[in-house]
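In the text below, chain A, chain B and the rest are named by the order of the sequence lines, each starting its count at 1.
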2 protein chains.
Amino acid sequence: MAAVTLQDVAQRAGVSQATASRVLNGSSRVPGEDVADRVRTAARELGYVPNAQAQALARASTGLLGLVVHDIADPYFSSIVRGAQAAARAAAKQVLLASTDRDFDIERESVSTFIAHRADAIVLAGSRQSGHLDRELEAEFERYRANGGRLVVIGQPLAYGGAVEPENQAAAAELAEALMDAGHRQFAVIGGPGSIRTAVDRRNGFVEALCRRGLSTVVEVSGDFTRDGGYSAARRLAAALQLEPGAAAAPVCVFAVTDVMAIGAIAAWRELGLQVPRDVCIAGFDDIPTLRDHTPSLTTVALPLERIGARAVELALHGAGDIDDLRERVPGRVLLRDSTRLD
Amino acid sequence: MAAVTLQDVAQRAGVSQATASRVLNGSSRVPGEDVADRVRTAARELGYVPNAQAQALARASTGLLGLVVHDIADPYFSSIVRGAQAAARAAAKQVLLASTDRDFDIERESVSTFIAHRADAIVLAGSRQSGHLDRELEAEFERYRANGGRLVVIGQPLAYGGAVEPENQAAAAELAEALMDAGHRQFAVIGGPGSIRTAVDRRNGFVEALCRRGLSTVVEVSGDFTRDGGYSAARRLAAALQLEPGAAAAPVCVFAVTDVMAIGAIAAWRELGLQVPRDVCIAGFDDIPTLRDHTPSLTTVALPLERIGARAVELALHGAGDIDDLRERVPGRVLLRDSTRLD
DNA sequence: CTGAAAGCGCTTACAG
DNA sequence: CTGAAAGCGCTTACAG
């Protein structure tokens, strides 16, 4: 990668390397217009491209932003990344992306690499067990932070670093309220893995809201945080409730903790001949764009995913201030639609 | 970012910097076990993390892979990125991601930055006008390549660089064949922007296959490469064909060049009271995961998106050989489903 | 096997 | 305003 160097440019322009550096980058010490012109011309003619690695080494900052997500192909995360990417561009930062497949080793490894690359900030999207990182990761972050690195989490806050928190619990509670207001009285839940905080929060918010009005769930099942997880959980649920086509007087209303799981559930029920919302109702969470045209339209909670991603990056980059104090809560918005319609 | 340095480690271990460097990285010159142990211990105790920037400067390579996509929130691209990410990890490379919103200036800017960061390779996903980059981009790539940078495009090949080509045209033709075999005789097309090669190829492949059997499209409309583009195009199509609920003896079969557009089209028709496949049939392209449970199930062409992303990275990283010769074609697979069912 | 030293390509006090 | 020089943190021939 033997490219044109600053030295080459300086030589051709007949100035020192220092001068060339000053005109080519926004230094406060501005050389005379004539000299500057010569340098710019030389740079253009030679096709000079500054070596960001060398700049990073000489300066304090790399202009890199590390972004860790569980699964980039999951629309939840890709929306977050889209927002993060836009905010990074606005701040002239480059995004280093890691998609971990929810593997903790890969996650740790990715973070290490980001630190090795001296990313100016790291954004961690996707919640983990009870807000705790494992020891090694924690130790790395400790040093990272000591060296001026900034950390922002999307989800529940860690012991240090900023956080953008979707109000999963509160929003799930609102959803429950809305459903009860709509006349529902029988509820069930399709939850996610107990190790995923987001899943737990949503489930808890929903169930507690029911409790407050003296109701409780008829049954709860859970599965992976995926379409297939929703599918298999829904089969178990159907068996547990002995759901049958056309049999229900008042359909049970099921809350699946993500839209993607809800879609899997509907698919499972369809195979059993069950219709939504006639035989069973369902609500999801996330308001995934590609699912907005689903039939029946899915009752869900909209989270401003792109804005969440963008805010996380802004907090991470917003130079001044103690980052540990940067906590932002983002509310969800309940969308009542056909999948929970009572005739 | 004043972190622990190699020098610190060397000092603590009582060896030279060179020795420390050799034990901490897989050098061929392996120091004695005792010395090595001392160094490793010192590194661990100090929490040493190598500075990738400095390493990149000293070595020839940065370990960075630049990946450019049109829109990371589009499931088409996020699937590609997932595959690319996995392949990059397998090769111990870090992914630098840019999502350009289909803006050519942003794209050019992103590529420049990747080059500035001395990415070892760049993968460009998402086709552009007639296989030509604009002059500036082209000139940059020229130099990039001259300096040992490797370029791989997903889509139609450029004048240089490797390419992974989804066989859009051939697959669209197969789709047309399959639909004709299924008994369809009346066809229409919802195309994409004329500037997007992928859209054009799919449209052409489909229409030419019809021609070969003496058929032609009743009407063609086009729109943006998005859900809304499909939606509005579908409204125009409905007007042009004077589609009415329950009126059609044999429904027209519409080919939308992407699944996402097809979904928008179905939504538009639904609002007009038109049912799929009773009043109008539709087929898409891409086999987007979140749409697999759509009702009615969508006839489409499956493209192994993750594999495409992974292969692009593999070609880009596969050190030896002239990269310009690396061309790989990836076939699609036709999936006939309910949305084109004839009763 | 180990070390002293040059070099990777920039930036930035420090002088002039 | 401009330049010589040190320094950012590593790697790697070149000697020993």
Quiz prompt | side chain to side chain contact (heavy atoms under 4.5 Å, CB included) between B:Asp71 and B:Phe225, intermediate numbers included | solution = CA-CA 11 Å; B:Asp71 178 5; B:Phe225 233 36; over 6 Å; no
Exercise. I would like to know whether A:Arg40 and A:Val23 meet side chain to side chain contact (heavy atoms under 4.5 Å, CB included); could you show each step before the answer?
Key: CA-CA 8 Å; A:Arg40 277 190 222 102; A:Val23 1; 4.1 Å; yes
Quiz item: Would B:Leu137 and B:Phe104 satisfy side chain to side chain contact (heavy atoms under 4.5 Å, CB included), going step by step from the backbone distance to the final call?
Solution: CA-CA 10 Å; B:Leu137 231 197; B:Phe104 279 68; over 6 Å; no
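Counting heavy-atom neighbours within 6.0 Å of A:Arg143 CZ, excluding the residue itself, gives a total above 12.
The interatomic distance linking B:Leu57 (CG) with D:dG9 (C1') rounds to 9 Å, in whole Å. The interatomic distance linking B:Asp37 (CG) with C:dT2 (P) rounds to 12 Å, in whole Å. Rounded to whole angstrom, the span from the CG atom of B:Leu6 across to the C1' atom of D:dT12 amounts to 13 Å. For the pair B:Arg38 CZ and C:dC1 P, the interatomic distance rounds to 15 Å; values are reported in whole Å. Between the NE2 atom of A:His117 and the P atom of D:dG9 there is a distance of 17 Å, rounded to whole Å. The OH atom of A:Tyr48 sits 10 Å away from the P atom of C:dG9 (whole-angstrom rounding). Atom CZ in A:Arg118 sits about 8 Å away from atom P in D:dG9, given to the nearest Å. Going from atom CD of A:Gln17 over to atom P of C:dA13 covers 16 Å, rounded to whole Å.
Salt-bridge annotation for A:Asp74 and B:Arg82: absent, with no side-chain N of the basic residue lying under 4.0 Å from a carboxylate O of the acidic one.
Taking the nucleotide of DNA chain C with the nearest heavy atom to each of B:Arg59 and B:Ala18, the more 5' of the two is matched to B:Ala18.
Nearest nucleotide to the side chain of B:Gln55, out of C:dC10, D:dG9, D:dC10: D:dC10. In this structure, of C:dC10, D:dG9, D:dA4, it is D:dG9 that holds the atom nearest to the side chain of B:Ala58. Closest to the side chain of A:Thr19, out of D:dC10, D:dG3, C:dC10, is D:dG3.
Rounded to a whole angstrom, the distance from the C1' atom of D:dT12 to that of D:dG16 is 16 Å.
One finds a side-chain N or O of A:Ser21 lying less than 4.0 angstrom from the OP1 or OP2 phosphate oxygen of C:dT11. Checking the phosphate oxygens (OP1, OP2) of D:dG9, no side-chain nitrogen or oxygen of B:Thr5 falls inside 4.0 Å.
Between atom CD of residue A:Glu314 and atom CZ of residue A:Arg307 there is a gap of 9.0 Å, rounded to the nearest 0.5 Å. Atoms CD and NE2, from B:Gln53 and A:His117 in turn, are 7.0 Å apart once rounded to the nearest 0.5 Å.
Checked by distance alone, B:Arg22 brings a side-chain donor or acceptor within 3.5 Å of a matching partner on the base of C:dG3.
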Quiz item: DNA chain C in dot-bracket, Watson-Crick or G-U pairs under 3.5 Å, [ ] crossing, | other strand?
Solution: |||.||||||||.|||
